[in-house]
Amino acid sequence: MENYLYDVFFEASNLSDVALEHIKRYFKVRSRSGGGECVVSKVDKDIYKISFVNQNAQERVLNRKDHVIKINKQEEIHVSVRRENDFKCSEQPKASANQKVYKLDQYLLRFFTDCKKPYSQLEKLLSALSSTFEINIEAEELVVLRNPAAADVCPLKQWELGVDQVVDQLQFHYTVHFEVERDKYAILEKNCSNQNEDLKIYFEEGACLAVVVGEQNQVDEILKSTSHTQEQQQVKQECCVSEKQFPLIKEQFESYITSNLPELQIAHEQSGVIILKGLEKDVQEGEQKLSKLKKEIQEKRVPSNHALMTFLDSSDGIKHFQRRFQQSLYSPVMLETSGSDLLLLSLSDGALQEAAAAIQRDLSLEIIHLNNTEKSSAFPTLKEELSKAVKQANRESVKVELKYQNESSSDAKVQLVGFTTEVNELKNMLLQYKINHQIHQERLLLEYPEMAKHFSEIMSMAGVKECNGVEIRPTCSPSPCVHLTGPRCEVESLKETLVSFLRSLVTKKFEVKGPGVQQFFQGDGEQTLKLVKNSYMVGIFHVDDGQPTYQVSRYSTSLSYSGLASAPSTHQSPVYETKVHINVAVGSLEQQQADVFVVPMVQANMTSTLIGSSLLYKAGQQLQTNFNTAKRRCTLTPGDVLMVDATAGLGCSKVLFIECAPKGKKQESEKALRCGLGQVFTLCEQNSWGSVVIPVIGPGIVLSLPVRDSVNILTQEICTFLSQPTAFLQTIYIPIMPNYPHSEEMFRAVIGNLSAKMVDRTGQALFHSLTSDLDEVIMAVNRIELHLVFGDITNETTDAIVNSTNFIDFQKNGVCKDILTKAGPHVQGQLTGAQTASGQIFTTSAGSFPCKTIMHVCGERSPSVIKTLAKEIVVQCERSRYQSVAIPAICAGQGGLDPNVVANSILEGVKEGVQGANLQYLRNIRIILLKINVFLAFKAVAQQVFGGNAQLTAPAPLVPISVPTRGRSGSAISTRSRAVSLPTTYDFRSLLTSLPVTEDKAAFLVIGDRDKDVSDACRELQRAYDSQCLTQSFHSDEIEHLTKDELDKLRSKVDSLHLKLETNSSGEWVVKGLKDGVNEVARLIWRDALRRQVREKEQDNLFTQVTWCILGLRGIWQKVSVEANHKLERADVNDGIVDAQGVKWTVDLKKMEATACVSGQVTALKRLENLPDFSLPIYWDNMRQDEHLKLVDLDPQSTEYQTVKADFKKTVKQTVLKIERIQNINLRRLYEARKSELETKNSQTVGAGEKILYHGSSQASCSSIMSTNFDRSLAGQNATAYGHGTYFAVNASYSAQATYAVPAADGTQLMFVARVLTGHYTQGLGSMKKPPVRVAPDQLYDSVVDNTQDPTMFVVFHDCQAYPDYLITFK
C-alpha cells in the first residue's frame, strides 16, 4: 500500500463487497472515471477512501466530483468525492428553534433555483407555514426559517411536522436521474431543447454525466425516448469462435466487456458464433478484443493412430480427459480430434505440456504376439478369462478394447487399446500365459563347486528323484550351478523343490590355516577326519580350489613393510616415517610449489601483511571469497589457524592463515606464533600433506619482531615437530625474499640454526637433508675450479685476496675498510697515494690478513674495465704461482652497478683468462658474493657464460643407507632405502621381507543336518591342528637390535623349520609353528638378546664418557650415533661407520678424517672426553682432565667464525680482527644447571629463554670475566637504569660503544658474545637488586628489560644465568 499515496473520499452507506468491487473497477478505468490504478478502503462509518498511485488520476477524479457507478441494469451508486475527509454525520442537520436544515441533492436544489414554477410552489407551501427558505447549493442544504411572530399561532412541533411533510412531498414529486451511458448522454445532449419549467438536464462534460431533474412523469418520458433512440442506433456483429476455443477465453473476454464496454451485449444464438450488440464503436472494440484473445490460444498436436482415435470416439475418452483437466490443471485445456492426431488447446504452454504428457501416459496401444502359444489347449480358457476381464474393466465406462488378429496364421496376435492401467492388466495376463507355455531354462546357483561335483549324491541323500520332462545338468564352470531345462511351469516347480531342499542343508566351507597344516591332515590328521565324520554325522569333502599350498617370495630392494597377509584384522597399520627434507628457497612465497602455503595475518584480515597481499594479487579475488567463507565458520584468536581452499592460480591446494598478535606485544606475539606454527605441523600430518611452505614470520612492519627471534621460533618449532614420529610431511620450504633489508641476516640465521640442530644430542638425525638456492656452486672450467660463494671475503684464506677500492677513501664502511683494517695500518700505508692506470692491479703485502698477497683494483664503474681486471687477476696469480684467489663482486656494492652487468664482466674476464692459457699453478678461483641478489645474478650468468663448455654443480646431499631413526617405537617401521651395503649395520625389518610368505591352509566343505553339528565338526578340525602348534611372543627389543649375523641365523632357522614370523598390534614379534621348531627359535632369540643387552649397555656407558663428532656438510659439528661412537672408540672402523643421516664413511683415525664412500667428500672427526658430571658442548675442542679454562682462536673459514661474525656485523661497522671461543668447564657446568632449573620451572613456550646477547668490556675486566663470569657486584660502573645486575645488549652496536667496549691503546676493542637465560622478563627499575615477584608468594621473574614490548637490553641478577661464549676483538 505504500505506493497508493493520493486519496479522495466519499460517503455511502451499507456498501456490499460486490458494490465496492464495482467502484474499484470503475475508478481504475480512466476513460470512464478519469482515474487509474487504485485501491478502495473503508476509513469510518459510511466513509470510504480511494487511494491512487498517480496524482494526475486523483486530480481528474476530483474535477468531476460526482460519479455514477452501475451495479446492474436496475441498480446504480452515486458517489460524490472530496479531497479531504471532512464529512459530517450523514443524518439531517439538526435545526434550531426557528430553523430546519435539510440535506438535498445539489441538482435538485439547482432545479429549484433555475425553475420559477417549482420555486414558487415551494415558496407557497412554506408561506402557509409562516416560513421562508434559503437554498445553499454548495453545502447541498435547504434551510427553512420560521417567522418568530408565528410562534403563538403554530406550536414548534406542529411547525416542524408541517415543514417535514412539505420537503417529503417535494422529494416525492420531483426525481433526479443520473445517466452515465455514453450513447444516452449523447442523445440527451442532442435533444437538450426538450427542457421546460418542469424538466431540466444538467451536463458534466468532463465526466460524461447527464443529470435529468423534474417531475416524475416528465423524467420517465424523456428517458423512455432516449432508450428508444439508443435502440435504433445499435448494431450487431457475428464473431466466429469454436466451441473449444471460447471456454478458454470466456472469463477474460467477459471481464474486459464488463469493465470497459458495459453497454455491449453478448449473445450465443448458434454453435461456433458469438453475437456482439451495441454501439458500432463498442462492437468493433469487442470484436478486436475477441480476435486478440483467440490469437493467444496455443495448440499442441499429440501424434496418435487410427486405433486410439477410434477408441476415443467410441468411449467418450475426450470428455473424460476434458473433465479431468478442468479439475487438475491450473489453466483450462480443450481437446479436438484432427485426423489421426489429437489437438490440444490452451492459453498456457505449461498446461499443454502437462495435458499432452497425461494423454500419452494414460492411453496405450499394445500388440501381443502369441508365438504359437495359441495352439495350446489352454488357449480357449485364456480367451474366456480375457473376456471376463474386459467386461469387468468396462462395467462403468469403456476403458479397454481387445481384438484378436491373424488367429489362423503363424503370426497370431492380440491388440489391446485403451487406458494404460486396464491395458497393462490384460497385457500381463497374456504375457503370463506365454511365459507358462514356452520352453524355459533356469539356473540354480550353488554355494561351492564341490556341491556341483557331488550333486547326484546330495540329491540321493535327500530322496529327491529326477522329474520327467526336465533335464538336470550340474556344472562347476564358470561358477557352480545346476541347469534345469523344460516347460516353464515344470521347471519352476522343480526349482522350488530343490531350493527348499538346499536351504534345509547346513553347509560350511572351513579352512584350517597355519604352518604345516596340509602335511598334518595328509598324515596323522587323516585319522582325525574319519573320527570327526562318524562322531558328528556330517559329510566332509576336501576342497580343491586350484590353489594348493604356495609360496610367494618377497625378495625386494625396498625394506618397506605393510604387514603379513595372515595377520589378524585387529592389527593396526604400522607407522611410517618419511624422509624430511628442508629447503631454504630464495624467492617469494607465492612463487613456490607445495601442498600448503602458510601466511600470517592480524585481526583476521588476509591482506594485513605484505605476504597476504602478494598472495591475493596472484590468486585472484576467488581466494578472498574462499577466505571469507572459511572465516564465517569460526572465531579466531591469536595462535589459531584458518584453513582456506587455494585457487588455480596458486601452486598449492590449501592456504593456512596464522592469526598473529599485533605489534607492540612481543611476548604475546611470540607465544601466538609458536602456537600457530605448532598447529600448522599438526594439520599437515592430519591431512596427509607432503610439503609445506613457511616463511620467516615476524620481521615485517606488522609484527616487528627481531629477525633472530623470528628465526629461532620457526626453527625451534620445526625441530620440535621433527623430534616426534612423522608419517606424511616430506618437504619443508622456507622462502627468503632476496631484496629485503634483512634477507642475508635471515638466510644465515635459518641455515645456521637448522645446521646446528640437524643431529640431536643422541646422535640421531632430526631431518634428512638441508639445501638452499645459495649453496656453493662449483664449475669445472679448463681444469680450473670456479666457485661461486655466498659469503664474506674477509673470511677467506686463499693465496690471493682481491680488494675493490677507489684508492681515495679507505675509511668508508664496506669490504675495503674491513680488508684493510684486518690487514693492518702497514698495508693501508702502502696503498695511500698509490697511482695505477685504468685496468691495472696494485699489489701489496698481506699484512695481518691470512693470505700471501692483496690485489687492489678499481673498477671505475666500467664493465669493460672490470672485465679487463678479472682477466689480469688470473694472469698475475698464474705468474706469481698462486694456487687460489678470492674475488669480490667489483662495483656491485658501493659502486652501484647492476649485479648482472658485474657478473657478466667478471665471468667473461675469468673465461678469457683461463681458456687456452694452459695454467700450471692456479687451480681455484673463488668469487665471494655478500648479497643474495648478487649471488643469484652470478649463478644465472654463469650458466650462460659457461653452460656450453662446463658443468654447473653444487654440493649434493650425501647418499644415505638404512639406519635406525629417531622417535620410533617397536612397531614403527622406517622407509629409508638402502643404497650401500654395510655388513655391521643391518635393518632387522629386512628379515620379514627376505623370508618367503607361506600361506598354508587345508580347506573342507562340511555338510550336515544341524548347524551345531557342522560347527562342532569344524571346531574339532581346528582343535586337532592347534593342539600340535605353539605360538611364542617376543618383545620388539629382543629382535630389533640383532646384528646381521644373528638375523641371518634367525632367518635360516625360521625357513628350515617352516615357521611363521610376524608382528602383532602391540609391536611384539610372534613365532608360530610346530612346538619343537618354535622352542628351538625361542632359545636362539633369547641367547642373542642377552648378548645384545650387554653390548648396548656398554655402548650407552661409553656414550656418556666419550663423544665422537663429525663435521657436517655446512661446517657444523654433529654427534655420531651410539653404535658409531662405540666403534670409533674401539678403533673398530675397518668396515666404516654410518652417521646420523645414514651416510657411510671410511675412517682414518691417524688424520682424524672421514671420507664419504659415495661422494668422496672428506671431513674432520674429533673426540670429546666428558667429565662424570658434565658433557662438553660438541662445538668445543677437547680439554685435558686438569684443564678448566681454554681459549680457542677460531679459523676465519670455519662456519662457527662466520656465524659469530655475521651476527656481530649486522649492527657494527667496525672490522673483526679475531674471535676466540671461551671454554670454561666450571662456568658452563653452572650455566647448564641453571638452564635446566629454568626449563623445569617455566612453561614450555618460555622455557629458559636462552638468547645470544652482547656485553662490551675493557681489557682489564676481560680476564676476570673469562675466569669467574660476569660479576653483578660491579653493577653501577656504567649506570643502573634498570636494576643492580649484569647488562646485556640485543644489538652488538650498543655494546660496541666506547663507554662499554673500552678501546685499548692500539684502538682495538673487546666484546663478549654471551649466552643469557632470560626466561620470564618484565620492566626493570633502577632500584631493583633482584627481579620482582611474578607469581605470589615466591616465584620471581628471571630477568628485567628496558622495554617489555621491544627489549634492547636484558639485566640478570644471577651470576650463573649468563655464560661468556666468545670474545670478539674488533677495530
Could you tell me which non-hydrogen atom of I1110 sits nearest to which non-hydrogen atom of A1154, and how far apart they are? CD1-CB, 4.2 Å

Test side chain to side chain contact (heavy atoms under 4.5 Å, CB included) applied to W1145 and V1138, step by step: CA-CA 6 Å; W1145 304 79; V1138 177; over 6 Å; no

Please step through salt bridge (Lys or Arg N to Asp or Glu O under 4.0 Å) for the pair R708 and D1207, ending with a clear verdict. CA-CA 9 Å; R708 185 190 303 167; D1207 289 341; 5.1 Å; no

Would a distance-only check, ignoring hydrogens and angles, find a side-chain to backbone donor-acceptor pair under 3.5 Å from T1146 to G1136? no

Just so I know, are the side chains of N753 and V711 near enough to count as touching, which here means a heavy-atom distance under 4.5 Å? yes

Between D773 and V584, does the side chain to side chain contact (heavy atoms under 4.5 Å, CB included) criterion hold? Intermediate values first, please. CA-CA 7 Å; D773 295 343; V584 184; over 6 Å; no

Taking only residues two or more places apart in sequence, or in another chain, which ones meet Q1185 in a side-chain hydrogen bond (donor to acceptor under 3.5 Å, both in side chains)? E1169

Could you tell me whether the side chain of V692 reaches within less than 4.5 Å of the side chain of Y733, counting heavy atoms only? no

If you measure only the distance, is there a donor-acceptor pair under 3.5 Å linking the side chains of N1064 and E1068? yes

Euclidean distance, I718 CD1 relative to I694 CD1, rounded to 0.5 Å: 5.5 Å

Just how far is it from atom CG of D1173 to atom OG1 of T1104, taken to the nearest 0.5 Å? 12.0 Å

Within the distance-only criterion (no hydrogens, no angle test), does the side chain of T1318 pair as donor or acceptor with the backbone N or O of G1249 below 3.5 angstrom? yes

Over 60° means perpendicular and under 30° means parallel, so tell me whether F681 and F721 are parallel, tilted or perpendicular. parallel

Criterion side chain to side chain donor-acceptor pair (under 3.5 Å) on H581 and S769, from CA distance to verdict: CA-CA 5 Å; H581 303 266; S769 65; 2.7 Å; yes

Is the backbone N or O of L729 less than 3.5 Å from a side-chain atom of E685, with the two atoms forming a donor-acceptor pair by type? yes

Is there a side-chain contact between N1182 and L1176 (heavy atoms, below 4.5 Å)? yes

Side-chain contact, heavy-atom cut-off 4.5 Å: F1103 with K1119? yes

All heavy atoms of D1135 vs all of K1144, minimum pair found to be O-CE, 3.4 Å

Does anything in residues 1146-1157 pair up under salt bridge (Lys or Arg N to Asp or Glu O under 4.0 Å), and if so which pairs, sequence neighbours excluded? none

Which residue is it: R1229, K1235, R1228, R1234? I am looking for the one with a side-chain hydrogen bond (donor to acceptor under 3.5 Å, both in side chains) to E1232. R1228

Distance in Å, I1219 CD1 paired with L1367 CG, rounded so as to fall on 0.5 Å steps: 9.5 Å

Are the side chain of D595 and the backbone N or O of G690 linked by a donor-acceptor pair below 3.5 Å? yes

To check you understand the geometry: which heavy-atom pair defines the closest contact between I1222 and Y1363, and what is its length? O-OH, 2.7 Å

Drop me the distance from L754's CG to I582's CD1, to the nearest 0.5 angstrom. 5.0 Å

E1062 and W1069, any side-chain heavy atoms less than 4.5 Å apart: no

Checking T682 side chain against G678 main chain: does a donor-acceptor pair fall under 3.5 Å? yes

Determine yes or no for a side-chain-to-main-chain donor-acceptor pair under 3.5 angstrom, with E776 supplying the side chain and H787 the backbone. no

Excluding sequence neighbours, so at least two apart, what forms salt bridge (charged side-chain N to carboxylate O under 4.0 Å, His left out) with K1072? none

Determine whether the side chains of E1250 and Y1231 contain a donor N or O and an acceptor N or O closer than 3.5 Å. yes

Do the side chains of N712 and K1251 get nearer than 4.5 Å, heavy atoms only? no

Verdict with reasoning, E1129 to R1167, per salt bridge (Lys or Arg N to Asp or Glu O under 4.0 Å): CA-CA 9 Å; E1129 186 64 19; R1167 177 181 181 274; 2.9 Å; yes

For atom NZ of K1190, decide whether the heavy atoms of other residues, nucleotides or ligands shown that lie under 6.0 angstrom number more than 12. yes

Within the side chain of N1125, is there an N or O that forms a donor-acceptor pair under 3.5 Å with the backbone of V1120? no

Which value, rounded to the nearest 0.5 Å, describes the distance between N1224 atom CG and L1230 atom CG? 9.0 Å

Could you go through Q1161 and T1155, starting from their C-alpha distance and side-chain angles, then the distance that decides it, and tell me whether this counts as side chain to side chain contact (heavy atoms under 4.5 Å, CB included)? CA-CA 6 Å; Q1161 177 187 343; T1155 303; over 6 Å; no

Could you tell me if the side chain of V1106 sits less than 4.5 Å from the side chain of N1170, heavy atoms only? no

Backbone N/O of L1168 and side chain of T1107: donor-acceptor pair under 3.5 Å: no

Begin from the C-alpha positions of V580 and Q730 and carry the test side chain to side chain contact (heavy atoms under 4.5 Å, CB included) through to its verdict. CA-CA 4 Å; V580 179; Q730 298 177 354; over 6 Å; no

What I'd like to find out is whether the side chain of L1194 reaches to under 4.5 Å of the side chain of E1220, using heavy atoms alone. no

Using a 6.0 Å distance limit plus a 45 degree cone around the ring axis, check whether R1221 lies over the aromatic ring of Y1201. no

Nearest heavy-atom contact between A594 and V693 is CB-CG2, 3.5 Å

Backbone N or O of Q1197 within a donor-acceptor pair of the Q1202 side chain at under 3.5 Å? yes

Is a side-chain donor or acceptor of D1139 paired with a backbone partner of V1143 at a separation under 3.5 angstrom? yes

Full working for salt bridge (Lys or Arg N to Asp or Glu O under 4.0 Å) between K1127 and D1132: CA-CA 5 Å; K1127 293 182 68 175; D1132 181 14; 5.4 Å; no

Atom CG of L1317 and atom CD of E1239: how far apart are they, to the nearest 0.5 Å? 8.5 Å

State, to 0.1 Å, how close A1124 and I1137 come at their nearest heavy-atom pair, and which atoms those are. CB-CB, 4.1 Å

Test the K1166-W1117 pair against the cation-pi criterion, namely NZ or CZ under 6.0 angstrom from the six-membered ring centroid and within 45° of the ring axis. yes

